[in-house]
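Below: one structure, written as structure tokens.
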Amino acid sequence: MSEERSLNFIEEIVEEDIANGKNGGRVLTRFPPEPNGYLHIGHAKSICLNFGLALKYNGKTNLRFDDTNPVKEDIEYVDSIKEDVKWLGFEWANEVYASDYFDKLYELAVALIKQGLAYVDDSSAEEIAIQKGTPTEPGVPNEYRSRSVEENLQLFADMKAGKYPDGAKVLRAKLDLASTNMHLRDPLMYRIRHTHHHRTGDAWCIYPMYDFAHGQSDAIEEITHSICTVEFIPHRPLYDWFIEKLNLFPSKQYEFARLNLNYTVMSKRKLLQLVEENHVDGWDDPRMPTISGLRRRGYTPASIREFCERIGVAKRENMIDVGLLEFCIREDLNKTAWRRMAVLDPVKLVITNYPEGQEEIFHGENNPEVEGGDGSREFQFSKELWIERDDFMEVPTKKYFRLGIGLMVRLKSAYIIKGESVVKDADGNITEIHCTYIPESQSGNDTSGINVKGTIHWVSVAHAKTAEVRLYDRLFQVEDPSNEEGDFKDYINPNSLHILPAVYIEPDLANAKIGTPVQFMRKGYFTLDKDSTPDKLVFNRTVTLKDGWVKK
RNA sequence: UGCCUGAUAGUAUAAUGGUAGUACGACGGUUUUUGGUACCGUUUGUCUAGGUUCGAAUCCUGGUCGGGCAACCA
């Protein structure tokens, strides 16, 4: 634990800046989501990076909503984003909105017009696209590019005043139509949108574009390190240009590669489609890679933070194996989740030499990983128990350590038993297993001298409660659905959800709480779902236990 | 066929001209009243061709391959 992890390239930059006394050693980052969807695990990487940097270097982080496109944004998303960031365990210094700066941004645009560095263009979107040229051919100026400052000032004021319909005019920066960087060919700064904004209402009908909102917001807040993903690299010269021409605080942009996880999709557009077309149960469906989905699935904030730490930060494209995420949640839950017994695929076990009607109370540690077991709970033992169907094999194979005819196994926290015979139905399916128990082998008090290789879990037929259990598998059948032939939805895993309507659980599990993880011994980690009612418990499987047993 | 980026085990990530290391995975073993955990071990790598240098993953040149860029999205 005292092992130092080496610095990622952004931490190196920050340390160098601090060493050079840049910004007086001050570090202020920001997490700037557009409130047009729910946060996913890719955002978690950015959140952990931005907030983590501030924590590490004694700085602060702003939560800023990049709400410059009212057509796609909604307050619902603002609320969910705040909830998710908090849940991950981070505190922002200021909650701010790009829309807070609409007045300031308008002034800055006017200032640029006055310098002759911006103009109002009456062209249509199509015309502008054509006039921009292609990467190999320079763009060409149009008649509007040479409008006078006075005329531009008037037209821009008229745009703001609502004198024109959507699309009639735009404000563009006057840069370089021949630039090899397409983003510098007179980029749009403002467009007309007669749309209600979730925060500013109908106060505005012109809205700034990303390039004229993001960097300026950074500068207004005096962000020292503005960290974004690599697809914004071509925007950086523009980012710097606006700041320079407007003489603003010199925030600097740095870029890292976004997270890609296999067997899922990460784009908001695709996630939205999954939700809207009902391929999943909503943004927080436990199969979704959203923060809310992972939370409902049973992932913990600590496990997600650890995951983000382990994947590292670099600039090259990457595809992280979802197995690493699973490793992180198992690692966390192994240390914290209480152990309970639940039989998912039951078959009845009858102990023929156990007295009819007799009951015994046994105890089980809550967590053997914790000193002292973290307390214990009680459960009843009786003549008839439920055990897992695959914990019995009529004709055992060589390395089978569980129950078989003539094979002995321990019932967890109870007795050693020996398989004797089976009862089958007309189709040859086993309906009951008969066994005998060794009275001297009681757990913690074993004088039998018998050593068995296997231990299986169980619940008493007379005392078990039932619950619905939802087993989840990966949402897609291929590693990279977005990169396959055809539509990504063609690769949805039809078996990503498997519902077990009536699983037998030990009585104590009736006290389960939403948000408290539990290990069903030998089966995996589970968590109570929000669909639960007092009459009907529903558990989600977060992840299976690692299975080191190579069958046959 | 322009510009910008990137390339280290299966997957990620470190080594900042001086022994290619770490994690996850896989495989094997020890312990175990969870075939879990823990612990131990094995495995596999510098895209390519030149150059500079006593010495190159690192610096230089050419090539190859991947990603991004021509939204009134962010």
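For the numbers below, each heavy atom of this structure counts, side chains included, while hydrogens, waters and symmetry mates do not. Reminder, nothing fancy here: chain letters follow the sequence lines and each chain counts from 1. Keep in mind that this is a model prediction, so the values were computed, not measured.
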Ring-on-base stacking between A:Y210 and B:rA74, under 5.5 Å between centres and under 30° between planes: is it there?
no
Is it the case that [N] (base atoms only) and [X] (side chain only) share a donor and an acceptor within less than 3.5 Å, ignoring hydrogens and angles?
{"X": "A:R310", "N": "B:rU13", "value": "no"}
{"X": "A:S443", "N": "B:rU33", "value": "yes"}
{"X": "A:H183", "N": "B:rA71", "value": "no"}
{"X": "A:R402", "N": "B:rG35", "value": "yes"}
{"X": "A:E255", "N": "B:rU5", "value": "no"}

Short side-chain N/O contact to [N] OP1/OP2 from [X], under 4.0 Å:
{"X": "A:R191", "N": "B:rA74", "value": "yes"}
{"X": "A:R522", "N": "B:rG35", "value": "yes"}
{"X": "A:T68", "N": "B:rA74", "value": "yes"}

B:rA26, B:rA70, B:rA12: which one has an atom nearest the side-chain heavy atoms of A:M182?
B:rA70
Side chains of [Y] and [X]: any donor to acceptor distance under 3.5 Å?
{"X": "A:Y299", "Y": "A:E326", "result": "no"}
{"X": "A:N142", "Y": "A:S123", "result": "yes"}
{"X": "A:E76", "Y": "A:Y38", "result": "yes"}

Just name whichever nucleotide pairs with B:rG2, Watson-Crick or G-U, keeping both distances under 3.5 Å, else none.
B:rC69
Output field: ring centroids A:F102/A:Y207 closer than 6.0 Å
yes
